[in-house]
Every structure is written in structure tokens, then in C-alpha cells.
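What follows is a single structure, written as C-alpha cells, with notes after it.
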Amino acid sequence: MSKPSILVVRAIFPEVLDKLAQYFTVESNTGDQDWEPGELIQRLQGKAGALTTGGQRIDAALLAACPQLRIVANMAVGYNNFDLDAMTAAGVQGTNTPDVLSETTADFGFALLMATARRITESEHFLRAGSWKQWRYDMFAGAEIHGSRLGIIGMGRIGQGVARRGAHGFGMEVVYHNRSRLTPAMEAECKARYVSKDELLRTADHVVLVLPYTAGSHHTIGAPELALMKPTATLVNIARGGIVDDMALAQALRERRIASAGLDVFEGEPKVHPDLLALPNVVLTPHIASATVGTRLAMANLAADNLIAFFEGRGLLTPVNSPVF
Ligand code: DGY
């Protein structure tokens, strides 16, 4: 029996490609170029499956042009690159990679919070530029982490990991806002108290965004929300570009209406709003919150295992829709 054909749209670990090759005829993006939608469609011709990385839009136009496609396995927990309704209507299965990255991403959220509040990047640039001539009482004096109030918007598995780190590791008072409340047992475990979004923004010393990107979460933080925040506050976005209005944020940072921001994701990334690039009080990283070798390998393996399970007719590990086949 011939093997199904699949497309792996970006470079991934060679050992995962080797595993896939045992089950499939694999075309992979050996050059690791970001294919334009037209080229992606062309390469998907005749493919029954695809392994994507979150940067490729799977929409109605692509699905109409690729009628043989049956499953797209995203190597990402976020799947806002999927038009899920169009995929379900076209009978195309989608999968993602939850859980395997939660703790690693929470680690990074905390690292970015600390780098931002304690002005680590800014002070390192100062030192490397040879500007450090003497000690000064207020040199790079930042905001307190321990004992401060941490506000988390989006309280899924990653948000809960950030909460536990803050509450148990740093003695922070944790408040959160989410579409639904955690169970009392989970609230107790995370030592987190549910509050309204406005209360969170008005009272938190540090705000961390960990919610999924949807039409409803677009610009969750814009000029009105930034205006509610304390002038000493830190904002951290490890969720998705588009959840923050980057232009409004740059203006708030420039005018010191909030103290600082740490951003791992951007509207229209990999482009970054030029106003953000010019500001000293923002730490910028290139979407690396889940980037440890172990976690990225686990993500690639989970995406591959979803493809294998699908074509073997076994239950999917982490489906995100239920098309009727
Ligand atoms: C995810 O898994 O959604 C991360 O943002 C990596 O893309």
C-alpha cells in the first residue's frame, strides 16, 4: 500500500522527519523559506496532510485549492492561523500542541517579566556601550517583583503556571481575569483571585497576557486599557500579536503612562512596530517563549504523532475541531 503524502512546511528536527518518513512520503521545506500562500498551495497539491508551525494561514481559499488535504497538524498550541470553520466545513482535521509547552512558556513569561521590571536588557546595553562610569543610587532602579501584585489575563495552563511561579516562588499576590473562573481547588492551588478586567488593570503592578488570539481578544489591551494601568506598571505579552495594540502601547511607553513592557509577540510579526524598536523601556524577543530544545522537540513529535494517528485511524491526541468525514 502506498504511503500518504504530506508536506512539512518549515524545517523541523531531523529525527522527527525520519519518523514521519516511516509512515509518509514527505516533502519538507529543506531550505526553510517562508513560502508565499501561492507557493504553499502549489506544494500542497496531492498532499493529504501538512505539518504547519503557526505562521501559515489555512483558510477557505487554500482549502478549495487543495481538495486532497485531510489534516493540518500545527506545531503550536495557538491555532489562530486556522480558519477553523472553513476547515470543519471542508472536512479537514486540525490539531495543535497543548500541554507539552505550558511550563516552558510560563518560565519564559516569568523571565520576560523579570527582565522588564528589573530593566535587565536596558542596563546590559548601557554596560556594553561603555557608558558605566560609576555607581549611582537610582541607576536602573526598577519595580519590585516579590510581594507585588501580579495580574494575569487568560488563565489556561500557561497562565496557571505563571500564577504558581508568582505566588509560590515570589510571594506575589495573584489576581486573574479569564472567560471562565477556575474551580475553587485550582484557585487555591494557584493562590489566585478572580477579578474584573478593569480591577486587574487598575491595581496590578505587573500584567501578563496569556490568552488565545480570537476576533474577540483583538486589542484586549489598547489605549483605554493602558490608561487604566498604574504609571509604574509592567505589561508582558507572551500570548499573540494583535492582543495588544502595539502602536497605542508604544505611545504609552514613550509618554511613561506605564513604566515598561516585555513583548515576545507582535502585530504583523516578524515585523515589529518601529516605534517600539526606538524605546528603551521595552524588552523585545522574537516569539521564543516555548523555545527550549526539549519543548520544541516535544511539540514537533506531538504534531507528527497526530498525523500518524490520523492516517492509522486511531484517536487523535490533540484535535481542535470535529469535522464530519
Ligand atoms: C504556540 O505554541 O502557540 C507558540 O506561540 C509557538 O508558536
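These figures come from a predicted structure and were not determined experimentally. First listed ligand is number 1; within each ligand, the first listed atom is number 1. Every heavy atom of this structure was used, including side-chain atoms; hydrogens, water molecules and symmetry mates were not.
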Problem set entry | Sub-4.0 Å atoms of ligand 1 with respect to non-hydrogen atoms of M299 |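 In order of number, 2 (O).
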Exercise. If you measure from each non-hydrogen atom of L101 to ligand 1, which part falls under 4.0 Å: side chain, backbone, both or neither?
Worked result: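 For L101, only side-chain atoms sit under 4.0 Å from ligand 1.
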For this session: Check each heavy atom of H287 against ligand 1 and say whether those closer than 4.0 Å belong to the side chain, the backbone, both or neither.
Result: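 Under 4.0 Å from ligand 1, H287 contributes side-chain atoms alone.
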Under 3.5 Å donor-acceptor, [X] side chain and [Y] backbone:
{"X": "T104", "Y": "L101", "value": "no"}
{"X": "H168", "Y": "E189", "value": "yes"}
{"X": "N237", "Y": "R240", "value": "yes"}

Exercise. When you look at S217 and T220, which way does the side chain to side chain donor-acceptor pair (under 3.5 Å) test go after all the steps?
Worked result: CA-CA 5 Å; S217 66; T220 293; 4.7 Å; no
Heteroatom proximity flag, [X] to ligand 1, N/O under 3.5 Å:
{"X": "G78", "value": "yes"}
{"X": "V77", "value": "yes"}
{"X": "R240", "value": "yes"}

Problem set entry | Mutual orientation of the aromatic rings belonging to Y176 and Y194 [parallel < 30°, tilted 30-60°, perpendicular > 60°] |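 Perpendicular.
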